Structures are given as C-alpha cells and as structure tokens.
Amino acid sequence: MSSATAGRRRLLAALCAAAVALLPLAQPGPVHAADVSAQGVPDRPAPGPAPDPSLPAHALATADAPLDNPLKGFARFYQPGIDPNAGYPLSLTWAYFALSEVMPNPTTCASYDWSVVDSALDAIAASGNHAAIRFYLEYPGGTGSHPANGIPPCFTGHVAMRHNAYWDVTSPDYDNPYLMGGLKDFIAAFGARYDGDPRLGYIHLGLIGLWGEWHTWPYDTDTSGDTYPNYMPTDAHAAEIVNAFHRAFTRTRLELRYADLAGGAADGLSSIGYHDDSFCYREAGQGVTLPMSMGGASWAQLQKALEHGVENRWTTASMGGEVRPEIQATAFANWPGGSGAVDDMKACIELEHTTWKINERSLDYSAGDPNVAAAVRLMGYNLTVRDAYFHDTAQGTTKVGVRIDNTGVAPFYYPWTVSLGLKDPAGTVVRTWDTSWDLRQVMPTRIRAFPDWQVGADPTYRDFGHPRYFDAPVDLSGLDTGDYRLVLKVKNPLEAVNPNAKKLRFANAGQHADGWLDLGGLAVGAGAPGYEAEAPGNTLAGGAVVAACGGCSGGAKVGYLGNGGTLAFTGVDGGTGGTRTVTLHYATQEARTAGVQANGSTSRTVQFAPTADWVTTRTTTVALPLRAGRGNTITIANPSGWAPDIDKITVS
C-alpha cells in the first residue's frame, strides 16, 4: 500500500473512531444540574519568593513564542518514509501499536518484543519530535502498517472471543482473568521499559475496545435500546487497568479518554489526565467538548469532567486528544469562535486547558495563518522571562535570578533542568550551571471560569498563577576577565538522543534557536574589585571581630558589628570617581540594618534581608560617592542595634 493510501486509510479510521465515540446510543442519559459535582474555582497557588532586592533588575523584551515548542500544539500520524515535520510547525508525532506486535509468542504471554515500538520512537526522535502513543487490541481495518486484530496469540484457547459484526472485528472477553492478568503484566513491563523514556511525551491508556478508545459501540453498556450484548469490561476490571498504568508510570504523562470510565477510577489519581478525541465538535447542534451550561451534550468531555469534579485536573496532568477529523480543515477559520460544526474554539482550549491535539489536516495549514498561531500559542504553556536579576559586573560567586510568567492555559508538565550559562563575545558557551528551578511551578497567570462555578457571566477570567521568581548562585572563578552574555536554557532530555531535538524556547526577543535565551551583558573580573572584610589593612573597632565562616569567600567574615562595633574598609579603589555601586556580601539570620558611608560622608541606611543561617551569604547594594583612585574608606556601623556580619564588598 502506498504511503498516500495508508494516510487516507488512517484518516478514515480516525473519522470512524471519532464519530462512533459520540453516538448517543453509547452514552448515558441526560445529566441535570443537580447531578454535577464540579470542583469549582481552584485554590490560587502561593506567589513564591520575591525577587532578591540586592540584585539589579533587567527587563527583557518580549516576542511571540515559536510554534513548534516541545510537548504542545499539534501532532500528526507517524508514517514511515514521510517527513514528520512537513506542514504546520509541530514537535509531536502520534503512533498506534497493536498489542500482538509486542506479545507475538503464541506459547507465553510473558515474552515481549519491543522492536516495533523502538523503531518508531527512534524514527520520531530522529525528527526532533516526541512521541505520543497508544496500544490497541481492536482496530477496524487496521492502520495500514499495523494489523486490525491486535489480540496477542497467547490469549488463544484461554480467552473467549466475540465478533463485533458492526465493525467486523474480534473483541476479546475483557473480564476474563487470563486476559486481565496478561494486560496487567504487559503494563508493568511497558512501564519498566519506557517510563521516563526521553523519546516519549504522552501515553494513552488504550488497550480496551475499538482503537483502544475504551468503547465497543454498539456492543456496549447501553443495551436498553438495541439487541447488542455488552462487550465492555466491568468498571471494577477496567479500574484494575487504570491502576496498573498508574503504578507503572510515575514520570511519563498518562491520559484516559473520559472522566467517567472505569466508574471514575481516575478521579483520585492526580497524575492521569484526559484525551478528548472529538475536540470542539458540534454534533446535531450540541457541543461534545463544552459542558451543558455552554450548549454541550450530556456526554460532552467537560460535562463528564464536571460531574466527576476533575475539571481542574490540568493543574497536575496533561489534556490531549484529537481535533475531530471532520472539522480539522476549518477548525480555526473563525478563531476565536467557531461556526457550523466547529464549536467556540477559544472556549474549548481555555476550559479544557488543552496542551496538545492530533491534527492530521495541520499538514495543509499555512505557517503564516494568524488564527492557528494564536490557538497554538494559547495551548499548553507559553513562558516569558519578564526580568533577569544580576549584577552587571561580578567576580567569584554571584547570584542570578529570573522572573517567569505563563500566558498559556496549562503548566509545563515535566521537570526539565534549567541551566544558566555564559557566552563569550564569539557566541561560544564557556561555562554552564545547572539550577534546581522547577518550571512546573509556573502556572497560567489567569484561567477561564466555567459557568457552572457561578462566579460571573461567561466569559469570566480569574487571576491564578503568579510570575515566578527563581535564583541560583553561579561561580565565576577561573574565567578570563572580560565581557560576556549571561544566558539561560531549558534542557530537553531528547537532546541526549538527538542533539537537534526541538528546544523549549521562551516568548522573548533574546531567544536564540540553539535554546539559549539572552539575559544581558555581564562583565567578569577586574571590573568588580573585591575587598575582604578580614583583610589586615581594614580597621575593626568597638568589639568587631574576625570569625570563621565556611560559606564566605576566604573562609572568614567580620562579626559583632553594630552597638559600637564598626568595620572600615581601607584602600578602596573608586576608579575615576563619582557615584559607584557598592555590593555588600553579608550573613544574618534575622533582618538587620546598618549605616554605610564613604570617606566620612552622609551615612546611607541599608536594609539587610535574612539569610538561611550565619554562614550562608547574600548580597545587597548601596550607591556611594567615591573619590578617584585607591584612597577611599567605606565604613559599616549601627549605633543603635546589631548590624549583619560582613563577608566582603565589591565596587562597580
């Protein structure tokens, strides 16, 4: 079969899967407002730490984020030999697998051949993309490259097989103990091999029903209006599958089709998200994503989420799925709203907190379409570094901070490492420092309220996340004196497989294609002369003493300052003279103040925020008038209270 024919067959199968998933006969009866148990407005996260007042702020210019940021936006089907990056920019590729391809041994269910999975994951990673995948047992007509019958041969003779005459597929007895054991063993082996695999972005629970979509229509639980028997597992058995996935995967993101599946077994599992495979479609005048309060059907994706109180699951788990195939070509033509079979697209994205969607027809979109761009940038995370905090001139150990906000609809879901670095004038990264910053803490700054929450007319938006401040120490020791560019990068683990993996990039003008974001210029070395408090040329009086300090430069500090104790730095170089920035490196476990003066001039009162303990230092700055040359004296005192312990000062 040619690749073009295979592509059409996949699309037809997807159309069939999406269409049947929403047929009323397969759905529960109407749900009334009294039945809804919505969680309601989520608690607003704490704002996090405030920027370090001792660090000068540098505002960064903003720009549109790229359209192929990793782990968000559109995904297209994996087709061997076809460029996965053709069409609209993307960073995800979707792939199905038959369970029989991984469990091919007819004599045992405990033998696994992962080659078909690894081959696809390797090819997808080679394109720079992450994979989103699902396993199935029943796929009408097959995918073109994977079989229609995905039932492992080891089930033969142990598991009863039924015929789904409507789709002409074989459906196994999902309640059979042998089958249940085989599926749970497979899930455990699947997780042991692939949980945390850098090639994977998302996994649909799959396995049950047609296309692994957890339905067997028309052989389903609704037997009141037809003569078809029920081929679905009991809720209790389906819950065993949900819990098996939850145990097996603690790092890779999982998604389940609907909130009500398996009797709501995922209600209390905060790491399991949902995939809406008929996203933003209107069927017979009713929406199948938006809730009843917005014209949706009783079986709509978000109606079920509200009924199970999981409409805020996006705060901890991803929301994926597929743009309903019938509307993919025109889904964004009337952005931000919709028309005809396309529901209110912006509302669908905002209320579902959509991160990604399969969208095969994105192959035909223009990369310059502003409607699609607006939708993609709204999906998932959209991170901007608003300010960077650092001293323009520094040496030794200094601190760097950033303030990041998120104007998307969801957080970033993975704990990727954030690194700081320095680029020399040639643009070469000459040093890097990994931080402990967690981008998952950068929540969307505002969220849209469901009408069901009754907090205002639709649309009502609520403040949610805060711009998040992070900082970290960086050691400049050993670097040549000179001018550098301070940069920041989020490490995509897929780069360990393919160095050309898509980079996470910020919505900033200084964002480079190599993943490094420019934070500003930093002069290293002689431009920032440093003076140790314990240096023999300084003057200590009134009880001030030198004390050991493991966290201080030189291993020492001056303490017992204030209440008569003073420290005078002598021989301070004022350069060409004038107002200079003096950075005070200090330690104090409680907030303190001190007066700082230069050459007997008017004392400047400086506030010193607490440090973690008496050996961990931080910095603050004060502007002082200095004379030209090295004849300056800077004195620190507090006649009415205790001052902090002083490690050193630098002048810039």
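These values consider heavy atoms only, across backbone and side chains, with no hydrogens, waters or symmetry-generated copies. Note that the structure is predicted; figures quoted are calculated from it, not measured.
- For Thr143 (side chain) and His146 (main-chain N/O), a donor-acceptor pair under 3.5 Å exists by modelled atom type.
- Tyr381 and Trp416 have their aromatic ring centers separated by at least 6.0 angstrom.
- For the atom pair NE2 (His353) and CG (Asn312), the distance works out to 6.5 Å, reported to the nearest 0.5 Å.
- Between Tyr194 and Trp114, the ring-plane angle classifies as perpendicular under the 30° and 60° cut-offs.
- Asn359 contributes no side-chain N or O that, together with a main-chain N or O of Phe74, makes up a donor-acceptor pair within less than 3.5 Å.
- Looking at Lys502, its side chain never comes within 3.5 Å of a backbone N or O of Leu71 through a donor-acceptor pair.
- For an aromatic pair to be called close, the ring centres must be under 6.0 Å apart, and Phe249 with Phe190 satisfies this.
- Taking the six-membered ring where the residue is Trp, the centroids of His204 and Trp94 are separated by under 6.0 Å.
- For the pair Arg162 (side chain) and Thr170 (backbone), a donor-acceptor distance under 3.5 Å is absent.
- Residue Asn129 forms a side-chain hydrogen bond (donor to acceptor under 3.5 Å, both in side chains) with just one option from Asp68, Asn85, Asn498, and that option is Asn85.
- Between the side chain of Thr216 and the main chain of Tyr219, a donor-acceptor pair closer than 3.5 Å is present.
- In this structure, the side chains of Arg468 and Trp437 stay at 4.5 Å or more apart for every pair of heavy atoms.
- Within the 4.5 Å cutoff, side-chain heavy atoms of Leu504 are placed close to those of Phe412.
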Is there a side chain to side chain contact (heavy atoms under 4.5 Å, CB included) between Arg253 and Tyr414 once you walk through the steps?
CA-CA 9 Å; Arg253 300 290 87 196; Tyr414 281 95; 3.3 Å; yes

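- There is no side-chain donor-acceptor pair under 3.5 Å between His215 and Asp220.
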Just do the side chain to side chain contact (heavy atoms under 4.5 Å, CB included) check on Phe506 and Thr384 with the steps written out, would you?
CA-CA 5 Å; Phe506 293 88; Thr384 305; 5.9 Å; no

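- Glu255 and Ser318 share a donor-acceptor pair across their side chains, judged by distance under 3.5 Å alone.
- A salt bridge links Asp122 to Arg199: at least one charged side-chain nitrogen sits closer than 4.0 Å to a carboxylate oxygen.
- In this structure, the side chain of Ser362 does not engage the main chain of Tyr365 through any donor-acceptor pair within 3.5 Å.
- In summary, the side chains of Ser91 and Asn69 do not present any donor paired with an acceptor at a separation below 3.5 Å, with no hydrogens or angles considered.
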